[in-house]
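Here is the structure we will look at, set down as structure tokens.
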Amino acid sequence: MPNNVFSSDMEESLISCVLQHGKSFDILKDNCDYKDFWFQPYSSIWYACKKLQERSSEIDLITVSDEMQRNGTLEKLTTFDGKYSADSALKFIKEKEGVVLENAETYALQVREDSSKRKIQELTNRANDWINQGHSALDILTNLDIESGKISAYSNTNVKSMMTISAAVDAAMEQTEYASKNHIKYIETGIKSLDEKLGGLFPGYLVIIAARAGMGKTALAASIASNVSMINTFPKKVGIFTLEMDTTEYTDRMISSLCGIPYIRIKKGNIYDSERDSYKEATRKIKDANNIIIDDTVGITTSMIRSKLRKMKEWGIELAIIDQLGLVSDRIANEPEYLRIDRITYQFKNMAREFGIPIIVLHQMNRSIESAQRTSKKEPQMSDLDQASEKASDVILMISHVTQQKIIQSSKIWVVKNRFGGTGCADVKFEASKTLFRDLTKEEMDELEPELVK
């Protein structure tokens, strides 16, 4: 095995640190696992330490030897060079020359790094096998994406950061002071009635926008993207993953919301002469802002999204939108759909925290909201979500309309979950032909029936 994917010296040094100072295992176990050791006898030592730690037992030369003897691995233990075995091997590793206890975490991270490289090497060999077996290019790429995503997720696992409460208070005060000087860290949706309920979108937030098909999920997300990237006082870059439509179609919807020309006429190229100037102004505004990055990859997976988000983050995005959750292609054999949705949602929450940005994910509501058994058809509930996703999210927004003869009379955005604030609803205007959500004008507010205003 090439030295760049295995180091007996590194594995011995890591074990030496634990045998000298058993309590260090509590931290080091989060950096690497017994499966990360290439040399099997050393893996068995780490496994014995793990079992001792699970029983809250002390870890030292004697307890490790006893644990290995009881599980039948002590007699198989040898050093990498074969000079020592059993208890002599443990003693040799503990007294290994040149080991620095303060470097224990570095040793552990390198052991995991070597393990990740071996996994990549194994995946390359498997890819060659798939090619030789006659699998299609699409199947091979799909398998590679799934397996490489697993390696990527493991290799980039961060050990949970620890700090004293005193340091945490200092960090919190510093952030508050920063915000008090008008250095805004949150992002406004640009819909004032909604921002009053939410207080804005903060880094690390996972926001779910849920509604039945055709109710305006994409329109609401696109309206927020337009506001954030072009209209708000402090424009910011936005990354959009559009899984339902291609980039041109999504852009047409944004142009429609800005210029007021119905989307379907823009799509058909039916623009009146009197509308040409407003159409050109809308396209110019989007181009000049240049604050939106769109990806329309078909069959995208969470690992692909994570990789692309990393690149978008390098380009400066401060908000990401994923349209929509049900079309993300991650599949595990025999996995129930509700567990799949739950798993993917938690991955998006982790991405929001990892990249320090709010992520908005669109998701489908089930038909219970249309059922006569519902006590209130007007007010959506978290149970209306199709399958799952409510646990990982920080904010859940739902859309409802009051219609008359299939014509929308009024619309609301409901905040049904807000981990850091209150719930309620915001009265808004949905202009379906323009795929636009906006605040009500004063005249429109006055026209609302009193009981509808909240």
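Please read all numbers here as calculations on a predicted model, not as lab measurements. For reference, positions follow the sequence shown, starting with 1.
- Side chain to side chain, Ser57 and Gln53 fail the donor-acceptor criterion of an N or O pair below 3.5 Å.
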In sequence, state the C-alpha distance, the side-chain angles, and the governing distance for Val361 and Ile359, and then conclude on side chain to side chain contact (heavy atoms under 4.5 Å, CB included). CA-CA 6 Å; Val361 179; Ile359 295 180; 3.9 Å; yes

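- Counting heavy atoms of neighbouring residues, nucleotides and ligands inside a 6.0 Å radius, atom CD1 of Ile62 does not exceed 12 of them.
- One finds the CG atom of Leu201 at 7.0 Å from the CG atom of Asp195 (value rounded to the nearest 0.5 Å).
- Counting heavy atoms from C-beta outward, Val238 and Ile293 have side chains that stay 4.5 Å or more apart.
- Nearest heavy atom pair, residue Met68 against residue Ala48, reads CG-CB, 3.6 Å.
- At least one donor-acceptor pair closer than 3.5 Å links the side chain of Asp394 to the backbone N or O of Leu206.
- Arg253 places no side-chain N or O within donor-acceptor distance of the main-chain N or O of Thr435, the cut-off being under 3.5 Å.
- Separation of atoms CD1 (Ile292) and CD1 (Ile321) is listed at 8.0 Å; rounding is to 0.5 Å.
- Partners of Asp129 according to the side-chain hydrogen bond (donor to acceptor under 3.5 Å, both in side chains) rule, which considers only residues two or more places apart in sequence or in another chain, do not exist here.
- To the nearest 0.5 Å, atom CZ of residue Phe348 and atom CZ of residue Arg306 are 12.5 Å apart.
- Between Asp296 and Thr247, the side chains place a donor N or O and an acceptor N or O closer than 3.5 Å (distance only, hydrogens not considered).
- Closest heavy-atom contact between Gly199 and Tyr186: O-CD1, 3.9 Å.
- In this pair, Tyr205 and Phe202 present their aromatic rings tilted. The plane angle is within the 30 to 60° band.
- Under the 4.5 Å side-chain criterion, counting only non-hydrogen atoms from C-beta, Ile45 is in contact with Leu77.
- Ser7 places a side-chain N or O within donor-acceptor distance of the main-chain N or O of Met10, the cut-off being under 3.5 Å.
- Side chain of Ser256 to backbone of Tyr263: a donor-acceptor contact under 3.5 angstrom is found.
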Please tabulate, for the side chains in residues 80-97, all donor-acceptor contacts under 3.5 angstrom to protein atoms that are two or more places apart in sequence or on a different chain.
| from | atom 1 | to | atom 2 | distance (Å) |
| --- | --- | --- | --- | --- |
| Asp81 | OD1 | Thr79 | OG1 | 2.7 |
| Asp81 | OD1 | Lys83 | N | 3.0 |
| Asp87 | OD1 | Ser65 | OG | 2.5 |
| Lys96 | NZ | Asp9 | OD1 | 2.6 |
| Lys96 | NZ | Glu12 | OE1 | 3.0 |

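- We find that Glu67 and Arg55 are joined by a salt bridge, their nearest charged nitrogen and carboxylate oxygen being less than 4.0 Å apart.
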Would Val415 and Leu194 count as a side chain to side chain contact (heavy atoms under 4.5 Å, CB included) here? Give the steps. CA-CA 8 Å; Val415 183; Leu194 180 59; 4.0 Å; yes

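- Judged by distance alone, the side chains of Gln40 and Lys76 never bring a donor and an acceptor atom under 3.5 Å apart.
- Put simply, OG on Ser226 and CG on Leu436 are 8.5 Å apart, with the number rounded to the nearest 0.5 Å.
- Considering every non-hydrogen atom in both Pro41 and Thr78, the closest pair reads CB-O, 3.7 Å.
- With hydrogens and angles disregarded, a donor-acceptor distance shorter than 3.5 Å links the side chain of Asn418 to the backbone of Gly422.
- Donor-acceptor pairing under 3.5 Å is lacking for the side chains of Gln121 and Asn125.
- Residue Leu14 holds its CG atom at 12.0 Å from OH of Tyr42, rounded to the nearest 0.5 Å.
- Between the Asp439 side chain and the Ile191 main chain, no donor and acceptor come within less than 3.5 Å of each other.
- Looking only at distances, no side-chain donor or acceptor of Asp33 sits under 3.5 Å from a matching main-chain atom of Asp36.
- Residue pairs meeting the salt bridge (charged side-chain N to carboxylate O under 4.0 Å, His left out) criterion with at least one partner in residues 56-66, sequence neighbours excluded, are Lys23-Glu58, Asp66-Arg70.
- Contact between Val5 and Lys117 at its shortest, heavy atoms only, is CG1-CB, 3.7 Å.
- Within 6.0 Å of OH in Tyr346 there are more than 12 heavy atoms belonging to other residues, nucleotides or ligands.
- Of the inter-residue distances, the one linking Phe37 atom CZ with Asp114 atom CG reads 11.0 Å to the nearest 0.5 angstrom.
- Side chain to side chain, Ser115 and Lys119 meet the donor-acceptor criterion of an N or O pair below 3.5 Å.
- Residues passing the side-chain hydrogen bond (donor to acceptor under 3.5 Å, both in side chains) test with Gln133 are His135, sequence neighbours excluded.
- Residues Ile286 and Leu258 are in side-chain contact: their nearest non-hydrogen atoms beyond the backbone lie under 4.5 Å apart.
- Although no hydrogens or angles enter the test, the distance criterion places no donor-acceptor pair under 3.5 Å between the side chain of Ser43 and the main chain of Phe39.
- Residues Thr423 and Lys417 fail the side-chain proximity criterion, which asks for heavy atoms closer than 4.5 Å.
- Checked against ring pair (Phe, Tyr, Trp, His ring centres under 6.0 Å), Phe430 has the following partners two or more places apart in sequence or in another chain: His401, Phe437.
- Between the Ser393 side chain and the Ile396 main chain, no donor and acceptor come within less than 3.5 Å of each other.
- By the 4.5 Å heavy-atom criterion applied to side chains, Arg340 and Arg343 are counted as neighbours.
- When side chains are defined from C-beta on, Ile360 does not count as touching Asp323, because their heavy atoms never get closer than 4.5 Å.
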Report the C-alpha distance between Ile209 and His363 in whole Å, list the side-chain angles of each, state the deciding distance to 0.1 Å, and finish with yes or no for side chain to side chain contact (heavy atoms under 4.5 Å, CB included). CA-CA 6 Å; Ile209 296 178; His363 189 33; over 6 Å; no

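- Taking the six-membered ring wherever Trp is involved, the centroid distance between the rings of Tyr34 and Trp46 does not fall below 6.0 Å.
- Between the side chain of Ser116 and the main chain of Arg112, a donor-acceptor pair closer than 3.5 Å is present.
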Would Met304 and Asp295 satisfy side chain to side chain contact (heavy atoms under 4.5 Å, CB included), going step by step from the backbone distance to the final call? CA-CA 11 Å; Met304 293 170 67; Asp295 186 284; over 6 Å; no

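- Looking at heavy atoms from C-beta onward, Leu325 lies out of side-chain contact with Leu362 at the 4.5 angstrom threshold.
- At least one side-chain heavy atom of Val99 sits less than 4.5 Å from a side-chain heavy atom of Gln20.
- Among all heavy-atom pairs drawn from Gly356 and Pro203, the shortest one is O-CB, 3.3 Å.
- Across every non-hydrogen atom of Asn232 and Gly190, the tightest pair is OD1-CA, 3.5 Å.
- Contacts of Glu102 classified as salt bridge (Lys or Arg N to Asp or Glu O under 4.0 Å), with partners at least two apart in sequence or in another chain: none.
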